[in-house]
Amino acid sequence: MTSQLRRDIHALLLPGFSGTAVPQWVAETEDLGGVLLFGQNTPDLETTVALTQALRAAQPGLLVAIDEEGGNVSRLQAQAGSDLPAPAALGTIDDPALTEACAHAMGELIAACGIDLTFAPVLDVAARPDNPVIGPRSFGADPVLVARHGRAVIRGLRAAGVLSGGKHFPGHGDTDVDSHLALPRLDVTDAELSARDLPPFIEAFAERMDTLMVGHLIVPAWDPHAPASLSAVAIDRARSLGFAGPVVTDALDMKAVSEDGVGAAAVRAIAAGADLLCLGSTAEVPDDAAHFFQVRDTIEDAVRVGSLDAGRIREAAGRVRALRGRSGRPVPDLDRVGARVETLGLEAARRGLRVRGDVRLQAGDVVVDLITRWDQAAGATSGPVVRELSNALGLTPLSAADTPRVLDGARLAVVARESDGRLLRLLTDHPDAVLVHVGVEDAAPDHPHIVYTHGIARASARAAAIACESSRRFRTGDLQEDA
């Protein structure tokens, strides 16, 4: 029989695992809090359904969670790209009813796959166009707009019976470092945080958001010594602002906090007030069982030597068990939901598209993908956009190095996210090129012929292909003929 302390520790842990079958250690870990699914677990919807059914058969009370934001970050549709546009597209439209409808459709898809909790909405305010990790995942740069749409997402998910998890408290939008790779620093005053970054979270708390994910970033105005995810000051601030549910860490294998090991980061997070610990992906872990038990044993050892309070663990376990008790609901029909998501997502993506100038493309034209930086959060680059343009319009994909200076009458389409030297040189050499910009609008260069997709979702790529296919010119944003 497992000791009560060990069961309480298990209740705090949200590990990943490798593959599409239930590992023995997951099936046999008594009172495991939950699991977090990654793209390696969800290659297609049918496989995901089979996996979650097997998880529930092995562990009936398990919390099954996922990072499904719509748009750039999709685990359920990681291969082809999301059928829903990114938050930036919805923020551009600024129709909260549409955002709520998209969140409800996304929630039904999540529920149909047997998943309880998604870590959405993204509540970060996009204060920096060059932010390497947030970008189109944010609804925009206006805190009031982000708050409005964050609340809409929570309502839509709740209506679908899915638990919400807003992120990344206190706000990751004004950083220039990706916390997957290093520790960002948010050098703002408490007053600036209160005016810009915190309002979307406060509104989400008022909307009864289910969980709160705290980010891996140093906020010197609060705590110069620990990232927010491992800081009692930051977590206490969330509590003082009205959040009473489980506080969740961002993945503890991220480089921002994992220098001393995931187990050490887990101990610090629990001591600071976190309740549910995302252990991260096991894609690069040779033995996921050994990894899980090493973290578990590190926490248990910390209690035994007196550096971690068992009462703090009991408190956290109680919050997680209460959350697990709210996760049961009817499962919608997957085919019906999938069709609805695709239809609604394309409608929303077309409304969110912004077009400048003449963006007509035709078979035989050339598309060049300038996005080579792997997106650590999305697990993707710009594949869906290039595929849709190539397949729908008959474009020839080339690398930037292979692009000829003279295209023999073919027009050039350039897919890009940031303004770097390669992009500026290509646009200078080919002033008639069509720029398909998939990042934040303010990060785009000044160019006469642009399609702003606001993300790399398949829905937005399809909308871009529709705009580029027509022989008409369009007014910005509405895909209608010029007057």
Side-chain angles (χ1 to χ4, degrees), residues 72 79-83 85-86 89 136 342 345-347 349-373 380-439 441 443-482:
N72 287 24
Q79 297 298 318
S82 175
D83 280 328
E342 186 173 356
L346 181 58
E347 174 195 340
R350 292 185 68 173
R351 288 180 61 186
L353 208 68
R354 295 292 180 264
V355 177
R356 176 197 297 173
D358 180 1
V359 299
R360 289 172 292 178
L361 294 167
Q362 59 187 353
D365 288 342
V366 171
V367 59
V368 174
D369 183 4
L370 289 191
I371 302 178
T372 56
R373 177 174 61 83
T381 53
S382 57
V385 179
V386 174
R387 279 197 305 270
E388 288 295 331
L389 290 172
S390 301
N391 294 341
L393 304 179
L395 305 187
T396 302
L398 292 177
S399 71
D402 293 334
T403 304
R405 294 181 64 85
V406 179
L407 296 173
D408 295 327
R411 195 175 190 190
L412 177 65
V414 185
V415 179
R417 181 167 49 200
E418 293 109 359
S419 295
D420 59 16
R422 297 172 308 155
L423 175 60
L424 296 177
R425 285 192 296 272
L426 267 181
L427 296 182
T428 298
D429 290 344
H430 306 283
D432 192 45
V434 176
L435 172 57
V436 182
H437 195 269
V438 301
E441 280 194 37
D446 185 24
H447 185 69
H449 313 293
I450 302 184
V451 180
Y452 298 100
T453 67
H454 305 103
I456 58 171
R458 182 172 70 162
S460 297
R462 291 174 64 198
I466 291 169
C468 293
E469 185 177 27
S470 175
S471 61
R472 299 172 295 176
R473 295 180 62 178
F474 299 109
R475 285 202 301 267
T476 294
D478 61 9
L479 300 188
Q480 296 177 7
E481 288 184 83
D482 278 341

Atom pair CD/CG of Glu469 and Leu389 - distance to nearest 0.5 Å:
10.5 Å
Would you say Arg387's side chain and Ala80's backbone share a donor-acceptor pair under 3.5 angstrom?
yes
Please answer whether the main-chain N or O of Ala459 pairs with a side-chain N or O of Asp83 as donor and acceptor at a distance below 3.5 Å.
no
State, with a plain yes or no, whether a side-chain heavy atom of Pro136 is found less than 4.5 Å away from one of Val438.
no
Considering only heavy atoms from C-beta outward, does the side chain of Gln362 approach that of Asp365 to under 4.5 Å?
yes
Within the side chain of His447, is there an N or O that forms a donor-acceptor pair under 3.5 Å with the backbone of Leu427?
no
Rounded at 0.5 Å granularity, tell me how far CZ in Arg422 sits from CG in Leu370.
5.0 Å
Using only atom types and a distance under 3.5 Å, with no angle test, would you say the side chain of His437 pairs donor to acceptor with the backbone of Arg417?
yes
Rounded to the nearest 0.5 Å, how far does CD1 of Ile466 lie from CG of Leu346?
5.0 Å
First locate atom CZ of Arg354, then atom CD1 of Ile450, and finally report the distance between them rounded to the nearest 0.5 Å.
13.5 Å
Electrostatic pair Asp446:Arg356 at N-O distance under 4.0 angstrom:
yes
Spell out, as yes or no, whether a donor-acceptor pair under 3.5 Å connects the side chain of Ser419 to the backbone of Ala443.
yes
Ignoring hydrogens and angles, tell me if any N or O in the side chain of Arg462 forms a donor-acceptor pair with the backbone of Glu388 under 3.5 Å.
no
Just so I know, are the side chains of Leu353 and Thr453 near enough to count as touching, which here means a heavy-atom distance under 4.5 Å?
yes
Roughly how far, to the nearest 0.5 Å, is the CZ atom of Arg360 from the CG atom of Asp432?
9.5 Å
Note: Ala410 and Gly364 closest approach over all heavy atoms is CB-O, 3.5 Å
Donor-acceptor pair, His449 side chain versus Asp358 backbone, under 3.5 Å?
yes
Closer than 3.5 angstrom, by distance alone: can the side chain of Thr428 be matched with the main-chain N or O of Leu424 as a donor-acceptor pair?
yes
